[in-house]
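First the structure, in the form of structure tokens, and then the observations on it.
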Amino acid sequence: MKLFSGTFGVRTEAHIELVNVTPDVSRLVVKSGVREGIALVYSPHTTTALIINENESRLLSDLKGAIKDLVPWNKAYEHNLIDDNAPSHVVGAFLGGSVGLPIARGKIELGTWQSIFLVELDGPRSREIEVKIVGE
Ligand code: ZN
């Protein structure tokens, strides 16, 4: 069994942004040499999330709108007394910080309309995403 670890950087450019990281993850799966296994994509940040959905520009705009509607952004959050980004943490906790994907025939198994997105919730920032791959 092979065990492979890799990372890639993402420079986000907006406060809330969805970045398609599928090519970055695919590149690491190829580099790992794993043909059958599992890839865990993990964001070690408290104001980001990882989701799988469709890479369609109008839908991405709808998702950004839904994220803004998910919580009140101007509420008097307690965390804002020490750091001005409580709603970013709350949405990040709701969406989740990792996705696990099957690898088959050397490629990540995504549905025809599926892509992996890093959801930036407190940008712009530089983010580092980790990928752990196990299999053979
Ligand atoms: Zn904070």
Side-chain angles (χ1 to χ4, degrees):
M1 191 184 77
K2 287 182 192 163
L3 179 60
F4 176 91
S5 297
T7 65
F8 59 88
V10 177
R11 175 76 214 169
T12 63
E13 306 197 331
H15 183 232
I16 295 172
E17 183 178 351
L18 283 91
V19 181
N20 182 6
V21 295
T22 313
D24 303 279
V25 176
S26 296
R27 189 167 16 87
L28 289 174
V29 169
V30 170
K31 193 175 170 188
S32 76
V34 168
R35 301 279 306 158
E36 301 292 326
I38 291 171
L40 178 73
V41 187
Y42 171 72
S43 174
H45 306 286
T46 56
T47 54
T48 64
L50 284 159
I51 63 167
I52 295 172
N53 219 288
E54 185 174 342
N55 190 17
E56 193 280 311
S57 60
R58 283 156 295 212
L59 176 65
L60 298 182
S61 178
D62 290 337
L63 284 167
K64 273 185 266 183
I67 287 166
K68 287 175 187 161
D69 291 343
L70 202 54
V71 295
W73 288 76
N74 294 318
K75 194 179 144 185
Y77 292 96
E78 290 183 38
H79 179 68
N80 283 353
L81 296 172
I82 58 154
D83 193 9
D84 192 29
N85 61 0
S88 306
H89 289 281
V90 173
V91 174
F94 287 171
L95 296 181
S98 66
V99 292
L101 297 152
I103 298 167
R105 296 169 297 283
K107 294 165 80 173
I108 41 174
E109 273 203 315
L110 286 166
T112 307
W113 304 108
Q114 288 184 316
S115 294
I116 309 160
F117 291 93
L118 171 68
V119 185
E120 173 61 76
L121 297 164
D122 192 28
R125 286 180 191 237
S126 289
R127 304 296 197 174
E128 192 79 10
I129 304 304
E130 300 177 8
V131 182
K132 188 77 90 174
I133 296 165
V134 290
E136 45 194 27

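In this chain, numbering begins with 1 at the start of the sequence shown. Whatever order the structure lists ligands and atoms in, that order sets their numbers, starting from 1.
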Would you please name every residue forming a side chain to side chain donor-acceptor pair (under 3.5 Å) with E109, sequence neighbours left out?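 Result, side chain to side chain donor-acceptor pair (under 3.5 Å) vs E109: none returned.
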As an exercise, state the distance from [atom1] of [X] to [atom2] of [Y], rounded to the nearest 0.5 Å.
X	Y	atom1	atom2	value
L50	L18	CG	CG	10.5 Å
L70	L95	CG	CG	6.5 Å
H89	H79	NE2	NE2	3.0 Å
E36	I103	CD	CD1	9.0 Å

Carboxylate-amine/guanidinium proximity below 4.0 Å for R127 and E120: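 E120 and R127: salt-bridged.
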So what's near the Zn ion (ligand 1), protein N, O or S atoms under 2.8 Å?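 Short answer, with waters excluded from the count: H79 NE2, D83 OD2, N85 OD1, H89 NE2.
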